[in-house]
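These figures come from a predicted structure and were not determined experimentally. Order of listing sets the numbers, starting from 1, for every ligand and every atom in it. Positions are given from 1 along the sequence.
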Amino acid sequence: MRYLVTGGAGFIGSNFVRFLFNKYGSDAQVVNLDKLTYAGIRENLAEYEGQPNYRFLQGDIADPAAVEEAYRGVDGSGVDVVVNFAAETHVDRSLMEAGTFIQTDVHGVLVLLEEARKHAPSLRRFIQISTDEVYGSIDSGSFSETDPLNPRNPYSASKAGGDRMAYAYAQTYGLPVIVTRASNNFGPWQYPEKLIPLFVTNAMDDQSLPLYGDGRNVRDWLYVEDHCAAVDFLIEHGTNSETYNIGGGNELENREITHKILELTGKPESLIKPVGDRQGHDRRYSLDTTKLEKMGFKNERDFDSALEKTVRWYKENEAWWRAIKERSAEYKAFYEKQYAGR
Ligand code: NAD
Ligand code: TYD
């Protein structure tokens, strides 16, 4: 199969490309189109550079010329499947500057879809990677795919725009679109500004863990390899125009995760630093994943073993995250702004 993966230098995208090569070997051809924003790290997939079935293209999904080139595939013969991971992804950043979120997460999706129209009917699938955050917060019960969208921050609003634009292109032009809405991912190669990698790496350095608000917000945690397996499963078994929730089945309060991280890193609770709450902080995300399960898909990893494996990865790959945390002026500027006045 010939894949165009966008955002393949980021956390989930790079795990997905690795998943494809591990599972399909040389039967998978992958073009990775990535802008290399602060979150894109080309070296995440360094082991595949130079292989005849892998091509890295630096470019913006909102740039029609870059997208046209990416659809040519590894060898100019085209692609069968597009998986769009490329996005601005951090809620806290969207509270400081929402414009780039609209540009990438909405307009970028439109450019990818417009190019897809030129390649129909040879295109087999266009997977739009959306998020559970488009449903908004839920105090009890779980969201199913037919529930209305109620995004409550600029990140989730922009993702909802891309999500529905992809659906609209399926309805209007008959494109083979599938939309996936996954819950919070964790695992190796996650940029250390998101909760789990930030707290693991801060704890390793005896730095404080900034827990927002009362620490009782709930997220459903999905191990990244299970997410990759679900996307691969849907490429094979999904139905065009359908939306699928992909959940971990691991709902935990942030303070519970924090305690587990301190246990796994052998650090004291005194590192926890309650800070002011995030503006518009969604209280709880929860997904009903019956639709995917009924198709026969099952996650492989339980939460505790996946978290342990993840913490071990950060312990064994200090050079990777230290390079980001210590040398990136951009990273420092974000944190200075983020915690000013808290
Ligand atoms: P990430 O921030 O780690 O990576 C995003 C990647 O996209 C980076 O490599 C970045 O360089 C690239 N990118 C950004 N703008 C681009 C543009 N305009 N053109 C091309 N490339 C661009 O993000 P992630 O956590 O790996 O998330 C991947 C996708 O999964 C996103 O669409 C996100 O909304 C979705 N998602 C993430 C989670 C999660 O918990 N991380 C959960 C559900 C859904
Ligand atoms: P995050 O990893 O940013 O993912 P999202 O906001 O997309 O769910 O945050 C996960 C949860 O952790 C969320 O409730 C906010 C909270 N959080 C903190 O308490 N402290 C932090 O420093 C960060 C980054 C997040």
Side chain, backbone, both or neither: D105 near ligand 1, heavy atoms under 4.0 Å:
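It is neither part, as no heavy atom is under 4.0 Å.
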For ligand 1, which part of K159 has a heavy atom less than 4.0 Å away: the side chain, the backbone, both, or neither?
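Side chain only.
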Output the list of atoms in ligand 2 that are nearer than 4.0 Å to some heavy atom of [X], sorted by atom number.
| X | answer |
| --- | --- |
| H90 | 3 (O) |
| L198 | 22 (O) |
| L211 | 19 (O) |
| E133 | 5 (P), 7 (O), 8 (O) |

Contact between [X] and ligand 1, counting heavy atoms under 4.0 Å?
| X | value |
| --- | --- |
| S183 | yes |
| Y191 | no |
| T6 | no |
| G162 | no |
| Y155 | yes |

Using heavy-atom distances, let me know which of [options] sits nearest [atom].
| atom | options | answer |
| --- | --- | --- |
| atom 17 (N) of ligand 2 | Y212, F186, Y191, F199 | Y212 |
| atom 11 (C) of ligand 2 | L252, N254, D220 | N254 |
| atom 4 (O) of ligand 2 | L195, N184, L209 | N184 |
| atom 24 (C) of ligand 2 | E193, R219, R93, H281 | E193 |

Derivation and outcome, side-chain hydrogen bond (donor to acceptor under 3.5 Å, both in side chains), residues E97 and T100:
CA-CA 7 Å; E97 201 278 299; T100 51; 2.9 Å; yes
Below the 3.5 angstrom mark, is there an N/O of [X], backbone or side chain, next to an N/O of ligand 1?
| X | answer |
| --- | --- |
| I12 | yes |
| K35 | yes |
| H227 | no |
| I61 | yes |
| F11 | yes |
| A182 | no |
| T131 | no |
| T89 | yes |
| D132 | no |
| N185 | yes |

Short question: side chain of [X], backbone of [Y] - any donor-acceptor pair under 3.5 Å?
| X | Y | answer |
| --- | --- | --- |
| S137 | R283 | yes |
| N250 | W221 | yes |
| N317 | W320 | no |

Tell me, which protein residue and heavy-atom name are nearest [atom], and how many Å apart are they?
| atom | result |
| --- | --- |
| atom 30 (O) of ligand 1 | I129 CG2, 3.4 Å |
| atom 5 (C) of ligand 1 | A87 O, 3.5 Å |
| atom 18 (N) of ligand 1 | D60 OD1, 2.8 Å |
| atom 8 (C) of ligand 1 | D34 OD2, 3.6 Å |
| atom 20 (N) of ligand 2 | P210 O, 2.7 Å |
| atom 4 (O) of ligand 1 | G10 CA, 3.4 Å |
| atom 10 (C) of ligand 1 | T37 OG1, 3.3 Å |
| atom 6 (O) of ligand 2 | R278 NH1, 2.5 Å |
| atom 31 (C) of ligand 1 | F85 O, 3.2 Å |

So [X] and [Y], would you call those rings parallel, tilted or perpendicular, with 30° and 60° as cut-offs?
| X | Y | answer |
| --- | --- | --- |
| W189 | W313 | tilted |
| F16 | F85 | tilted |
| Y135 | F143 | parallel |

Between [X] and [Y], a side-chain donor and acceptor under 3.5 Å:
| X | Y | answer |
| --- | --- | --- |
| S77 | R2 | yes |
| Q128 | N84 | yes |
| N32 | Y54 | yes |
| K194 | T89 | yes |

Enumerated ligand 1 atoms positioned under 4.0 Å from heavy atoms of [X]:
| X | result |
| --- | --- |
| N184 | 40 (O) |
| S130 | 43 (C), 44 (C) |
| G59 | 19 (N), 20 (C) |

Has ligand 2 got any nitrogen or oxygen that is less than 3.5 angstrom from a nitrogen or oxygen of V91?
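Checking ligand 2 against V91, no N or O pair falls under 3.5 Å apart.
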Got a salt bridge between [X] and [Y], using NZ or NE/NH1/NH2 to carboxylate O under 4.0 Å?
| X | Y | value |
| --- | --- | --- |
| R117 | E114 | yes |
| R312 | E308 | yes |
| R219 | E253 | no |

Shortest non-hydrogen contact from G141 to R284?
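For G141 and R284, the tightest heavy-atom pair comes out as O-NH1, 2.8 Å.
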Specify the closest pair of heavy atoms between G296 and F233, including all atoms of both residues, with the distance to one decimal.
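Taking G296 first and F233 second, the nearest heavy atoms are C-CZ, 4.3 Å.
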Spacing of CD belonging to Q51 relative to CG belonging to L45, to within rounding of 0.5 Å:
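Output value for this atom pair is 10.5 Å.
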Measure the CG-CZ distance between D226 and F303 for me, rounded to the nearest 0.5 Å.
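Output value for this atom pair is 12.5 Å.
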Partner of E225 under salt bridge (charged side-chain N to carboxylate O under 4.0 Å, His left out), chosen from R301, K309, R18
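Looking at R301, K309, R18, the match for E225 under the salt bridge (charged side-chain N to carboxylate O under 4.0 Å, His left out) is K309.
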Give a yes/no verdict on a cation-pi contact between R93 and F334, requiring under 6.0 Å between NZ or CZ and the six-membered ring centre and an angle within 45° of the axis.
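Yes, R93 and F334 form such a contact.
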Taking the non-hydrogen atoms of Y155, is any one of them nearer than 4.0 angstrom to ligand 2?
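No, that is not the case, since the closest heavy atom of the residue is not under 4.0 Å from the ligand.
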Of W321, Y38, F186, which is the lone residue that meets ring-ring contact (aromatic ring centres under 6.0 Å, His included) with Y191?
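Of all the options given, the one that passes is Y38.
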